[in-house]
Amino acid sequence: VGIAFGEAASQSLATIAITYLTDVMLLNSTENGIAILLLFIGSVPGALMSKKFSFRFHALWSAKLSVGIMAIITGLAALLLTGPGQQIRVYCIAAGWGIGTGWKYTAERCIVCQVIPEGQDAELMGYYLFAGQILIWLPSLIFTILNENGVNMRIGIASVGGFFLVALLAYFLMGNYAEAIRVANENGEGDDTLAQNTLPSDAEDRKSTRSSDQESFHDETSPSEGDTKLYQEA
């Protein structure tokens, strides 16, 4: 649920923000390009901060913090970006969105990779990708409906922050993260043990083959009972 709502908000934010900056803030194409560039550049320090925070605490707290930052920055955008002539505010908000986005993506992927048991990687990564795409249409639809009914666009962009808040609530409702990692590791080790117990190793195969060859050679080279009697009579 956290990934579904968080990804829906993150991936819809660029389209909604461009519409808002063009229609409300009256930015031209160059100014919009600068804002998008700052968003992309900001994702780099965001990813580095996510790495540092995840090592210091753990990835779940890192994801909570990143989603909270995205919700706060989106709310500030609705409150502070009120009209033309506020390019500096726009650039600061865009850089903040970039930091939060880079932080969020890094932390979420770290969580998913840590809690997936060995042997179920493809299956559960498929669920992760599915969850990230299933609600991507909803924020844009809500923004469009509000805009078409004459609602202020500031409320429309604030609605995107609501998706981040739902994602944050879902993360706080998660169970024990350390226990999930422990169970995933135990399941992976259990699969390895089962494989080792049910499948013979190469050394055992070679040992079994060598024993069979030795027994066959012994049977072929040892004299039979009749040959032994003839030798004794001679």
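Treat the numbers as computed from the prediction; the structure is a model and nothing was measured. Note: hydrogens, waters and symmetry copies are ignored here, and every other heavy atom, side chains too, is used.
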Closest non-hydrogen atom pair between Y91 and A35, with its separation: CE2-N, 4.1 Å
Closest contact, heavy atoms only, Q86 versus L81: OE1-CA, 3.4 Å
Check against side chain to side chain donor-acceptor pair (under 3.5 Å), Q133 and E7: CA-CA 7 Å; Q133 299 294 320; E7 285 289 298; 5.5 Å; no
Minimum heavy-atom distance E31-L26, with the two atoms named: OE1-O, 4.3 Å
Distance, nearest 0.5 Å, that separates CD of Q114 from CZ of R182: 15.0 Å
Interatomic distance, N147 atom CG to I155 atom CD1 [nearest 0.5 angstrom]: 11.5 Å
Distance (rounded to the nearest 0.5 Å) between I3 CD1 and I134 CD1: 12.5 Å
For L76 against I93, the heavy-atom pair lying closest together: CB-CD1, 4.2 Å
Main-chain N/O of A63 paired to S66 side chain as donor or acceptor, under 3.5 Å: yes
Y177 OH to I111 CD1 distance, which is reported to the nearest 0.5 Å: 5.5 Å
Distance, nearest 0.5 Å, that separates OG of S62 from NZ of K52: 12.5 Å
Heavy-atom donor-acceptor pair, S140 side chain to I136 backbone, under 3.5 Å: no
Residue pair W97, T74: steps toward the side chain to side chain donor-acceptor pair (under 3.5 Å) verdict: CA-CA 8 Å; W97 272 331; T74 305; 3.2 Å; yes
Heavy-atom closest pair, residues S12 and A8: OG-O, 2.8 Å
For L169, the rest of its hydrophobic cluster, which grows through side-chain links under 4.5 angstrom: L173
Mutual orientation of the aromatic rings belonging to W61 and F172 [parallel < 30°, tilted 30-60°, perpendicular > 60°]: perpendicular
R89 side chain vs L80 backbone, donor-acceptor pair below 3.5 Å: yes
Minimum heavy-atom distance F143-G156, with the two atoms named: CD1-C, 3.5 Å
